[in-house]
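Structure first, then comments.
Convention: sequence-line order gives letters A, B, ...; per-chain numbering from 1.
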There are 2 protein chains.
Amino acid sequence: MNIAHHLYSNNIKPSVQRIKIFEYLYNSKNHPTVDTIYCQLAGEIPTLSKTTVYNTLKLFIENGITSSLIIDGNEARYDAIMKKHAHFKCNDCGYIYDIEINDLKLKDSQLAGFEIGETNIHLIGKCKKCLTK
Amino acid sequence: MNIAHHLYSNNIKPSVQRIKIFEYLYNSKNHPTVDTIYCQLAGEIPTLSKTTVYNTLKLFIENGITSSLIIDGNEARYDAIMKKHAHFKCNDCGYIYDIEINDLKLKDSQLAGFEIGETNIHLIGKCKKCLTK
DNA sequence: TTCTAAATTTGTAACGATTACAATTATGGT
DNA sequence: ACCATAATTGTAATCGTTACAAATTTAGAA
Ligand SMILES: [Mn+2]
Ligand SMILES: [Mn+2]
Ligand SMILES: [Zn+2]
Ligand SMILES: [Zn+2]
């Protein structure tokens, strides 16, 4: 996965900041918050500004290579995996799992004629790891 | 539906504020925000404080007669309908529709051994009304 | 009724995530 | 090198929410 090329082919000029931010997002796979991303990269890019992280993620979202998810309400998390999937957040360890969706059936009649642009599914509970310890 | 009794039977002492807030929530059915509730009731209860609205909704949630939903990341909305259902938000008119869930199939293997406490589903798009005008 | 303690409500200040904005820095073409 | 444009940065403002202490109300005992 060549990140610079990935950005280019999505109409994003690959600056150092953009490459590093996407690289972190893509490799970490832990649905980080802006603060997490900022703190992780502040070492590598000492001049990095939190505003840049916000701007960059917004740009990524607008160009369809990142999505945001809000599970807690208080702060947004980001995801470089664009394949449609659900999320499970464990209330104990805080980890957010990716869950594949096999099928979602809603009552058709109510949504007939509606245009659905986005489907968000998130579950909350306790994960296996936390339950068995 | 006797609201005072409904509160009582859920271990909530029915004060004037609590009754009015639940009454509004239950009758309006439009998933109001704290600000909406506050502004609506400020006329009836001139001394009402926004903090009371926050406190009261928190109490309702703790006692299981209200749920909160976050569709836009910026502000919480509240719902007195406790039956499990999904939400559809129209990006044009802003209205939030209640949608019945017929079935949700996730990949079982990934959630085996997990304890699911909450399931949130919200769709975003354009509603029929807005598309046909 | 009157007194008193606990519960509830209220107003203000603090908080934290996000956004606005203007200044600075980097980039790319001439 | 020079200039125009884009990107980054730092600071201040915004806004929903929470903390907290003071004021008010409630309910039970005396
Ligand atoms: Mn994910
Ligand atoms: Mn609803
Ligand atoms: Zn866990
Ligand atoms: Zn609409």
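- Here Thr47(A) lies in heavy-atom contact (under 4.0 Å) with sugar-phosphate atoms only.
- The side chain of Tyr54(B) sits closest to dG16(D) out of dT18(C), dT8(C), dG16(D).
- Here the nucleotide nearest the side chain of Lys13(B), chosen from dT9(C), dA17(C), dA7(C), is dA7(C).
- Within 4.0 Å of Ser15(A), counting heavy atoms only, lie sugar-phosphate atoms of the nucleic acid but no base atom.
- The six-membered or imidazole ring of Phe88(A) lies away from that of Tyr95(A), with a centre-to-centre distance of 6.0 Å or more.
- Of all nucleotides listed (dT8(D), dT10(C), dA20(C)), dA20(C) comes nearest to the side chain of Thr51(A).
- If you take CG on Asn30(A) and CG on Asp98(A), they are separated by 10.5 Å, rounding to the nearest 0.5 Å.
- You'll find that the side chain of Glu75(B) is closest to dT17(D), out of dC20(D), dT17(D), dT8(D).
- In this structure, Tyr24(B) has its ring center no closer than 6.0 Å to that of Tyr26(B).
- Of all nucleotides listed (dT8(D), dG10(D), dT10(C)), dT8(D) comes nearest to the side chain of Gln17(A).
- Counting any heavy atom pair closer than 4.0 Å across all strands shown, Lys50(B) reaches no nucleic acid atom.
- Of the candidates dT10(C), dT11(D), dT18(C), dT10(C) carries the atom nearest the Ile45(B) side chain, counting heavy atoms from C-beta on.
- In this structure a side-chain-to-backbone donor-acceptor pair under 3.5 Å is present from Asn2(A) to His5(A).
- Here Asn55(B) lies in heavy-atom contact (under 4.0 Å) with a base.
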